[in-house]
Amino acid sequence: MVGAKTIGVAVDYSKSSKCALEWAIDNLADKGDTLYIIHVKPSSPDESRYSLWVESGSPLIPLVEFRDPNIMKKYAVDADAEVLDMCDTASRQKEITIVAKILWGDAREKLMEAIDELKLDALVMGSRGLTGLKRIIMGSVANYVMGNATIPVTIVKEPGLQKA
C-alpha cells in the first residue's frame with residue numbers, strides 16, 4: 001500500500017491480543033500510519049451509564065488520554081501497562097499515531113462496524129485457540145470477522161498455543 005495506512009488491532013487485553021498488537025506493530029506499522037486499538041466490551045446491564053456511546057462507541061481516544069486512568073475510568077476500562085508500553089514505544093520509534101476506540105456490544109458485529117467506520121486498511125486480532133465443542137458453542141469472533149470482512153484480517157496465535 002502506498003501512503004499512510006489505517007490498521008486496526010482488536011485488543012481485549014488477553015495474551016493473544018497482546019501478541020496481535022505486537023505483531024501489527026512489528027510487521028505492518030510504518031512511519032505516518034494510524035494504529036487503532038479497538039476494544040469491544042460486552043453490553044452491560046448498566047448501559048444507561050454509556051448510553052451516549054452504545055451505538056457509536058467512544059469518541060476516538062488519543063494515546064495521551066488512553067494512558068490516563070481517570071479518563072479510561074469513564075469507559076470502565078482498566079489501563080494495561082504492557083499494552084501502554086507497547087503503544088508508547090511504537091509511537092516514538094515508528095512515528096505512528098495510536099488512537100483507541102471502545103465499543104459496546106457483540107464483538108463480531110462491532111468489529112465489522114469498526115472496519116467501515118474507521119476506514120481500516122487491515123485488521124489484526126488474536127485467537128483464543130478455541131477448538132471443537134467450545135468453538136461451536138461460543139463461536140469464534142476471529143472466524144466470523146475473517147469470513148465477513150472486506151479487508152485483510154490477520155489472526156495471531158499466542159506462542160505455544162497448541163491445538164487440542
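Residues take their numbers from the sequence shown, with the count starting at 1.
The two atoms that bring Leu120 and Ile7 nearest to each other are CD2-C, 4.0 Å, heavy atoms only. A pairwise comparison of heavy atoms in Leu103 and Lys101 identifies CD2-CE, 3.8 Å as the closest pair. Between Ala20 and Met125, the shortest heavy-atom distance links the atoms CB-C, 3.6 Å. Considering all non-hydrogen atoms of both residues, Ile115 and Ala149 come closest at CD1-CB, 3.7 Å. The minimum heavy-atom distance between Ser16 and Ser127, with the atom names listed, is CB-O, 3.2 Å. Contact record, Lys94 with Ile25: NZ-O, 2.8 Å, taken as the closest heavy-atom pair.
With rounding to the nearest 0.5 Å, the separation of CD1 in Ile38 from CD in Glu117 is 9.0 Å. Between the SG atom in Cys19 and the CD1 atom in Ile155 there is a gap of 13.5 Å [rounded to 0.5 Å]. For the atom pair Ser14 OG and Glu158 CD, the distance stands at 7.0 Å (nearest 0.5 Å).
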| said: Apply salt bridge (charged side-chain N to carboxylate O under 4.0 Å, His left out) to residues Asp68 and Lys73 and explain how you reach the verdict. | reply: CA-CA 9 Å; Asp68 185 335; Lys73 232 179 246 184; over 6 Å; no
| task | Apply the test side-chain contact (heavy atoms from CB on, under 4.5 Å) to residues Ile151 and Asp121: give CA-CA distance (whole Å), side-chain angles for both, the deciding distance (0.1 Å), then the verdict. | result | CA-CA 6 Å; Ile151 61 171; Asp121 294 313; over 6 Å; no
Does Asp88 form a side-chain contact (heavy atoms from CB on, under 4.5 Å) with Arg67? I'd like the steps, not just the answer. CA-CA 9 Å; Asp88 280 338; Arg67 289 192 69 45; 2.9 Å; yes
Practice problem: List the steps, then state whether side-chain contact (heavy atoms from CB on, under 4.5 Å) holds for Leu123 with Val145. | Solution: CA-CA 9 Å; Leu123 179 67; Val145 173; 3.6 Å; yes
| query | Taking it one step at a time, do His39 and Val77 satisfy side-chain contact (heavy atoms from CB on, under 4.5 Å)? | reply | CA-CA 9 Å; His39 180 66; Val77 173; 3.8 Å; yes
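Side-chain atoms of Val153 and Val124, non-hydrogen and from C-beta on, never get closer than 4.5 Å to each other. Within the 4.5 Å cutoff, the side chain of Leu21 has heavy atoms near those of the Cys87 side chain. Taking the side chain as every heavy atom from C-beta outward, Leu35 and Val9 approach each other to under 4.5 Å. Two residues are said to be in side-chain contact when any heavy atoms from C-beta on lie closer than 4.5 Å; Asn27 and Thr154 fail this criterion. Taking 4.5 Å as the limit, some side-chain heavy atom of Tyr75 sits within range of a side-chain heavy atom of Ile61. A 4.5 Å side-chain heavy-atom check between Val99 and Ile37 finds every atom pair outside the cut-off. In this structure, Thr6 and Leu118 have side chains that are not in contact, with every pair of non-hydrogen atoms separated by 4.5 Å or more. Side chains of Met72 and Phe66 form a contact here, defined as non-hydrogen atoms less than 4.5 Å apart.
Residues Met86 and Val64 do not share a hydrophobic cluster, defined by chaining ILVMFWY side chains whose heavy atoms lie under 4.5 Å apart.
Here the side chain of Ser17 pairs no donor or acceptor atom with the backbone of Gly126 at under 3.5 angstrom. Proximity of a side-chain donor or acceptor of Asp33 to a complementary backbone N or O of Ala29 within less than 3.5 Å is not detected. Under the 3.5 Å distance criterion, the side-chain polar atoms of Thr89 are matched with a main-chain donor or acceptor of Asp85.
Checked against side-chain hydrogen bond (donor to acceptor under 3.5 Å, both in side chains), Asp30 has the following partners two or more places apart in sequence or in another chain: Lys5. Every residue meeting the side-chain hydrogen bond (donor to acceptor under 3.5 Å, both in side chains) condition with Glu82, not counting sequence neighbours, appears here in chain and number order: Lys18.
Exactly one residue among Leu60, Ile98, Val11, Thr97 makes a side chain to side chain contact (heavy atoms under 4.5 Å, CB included) with Tyr36. That residue is Leu60.
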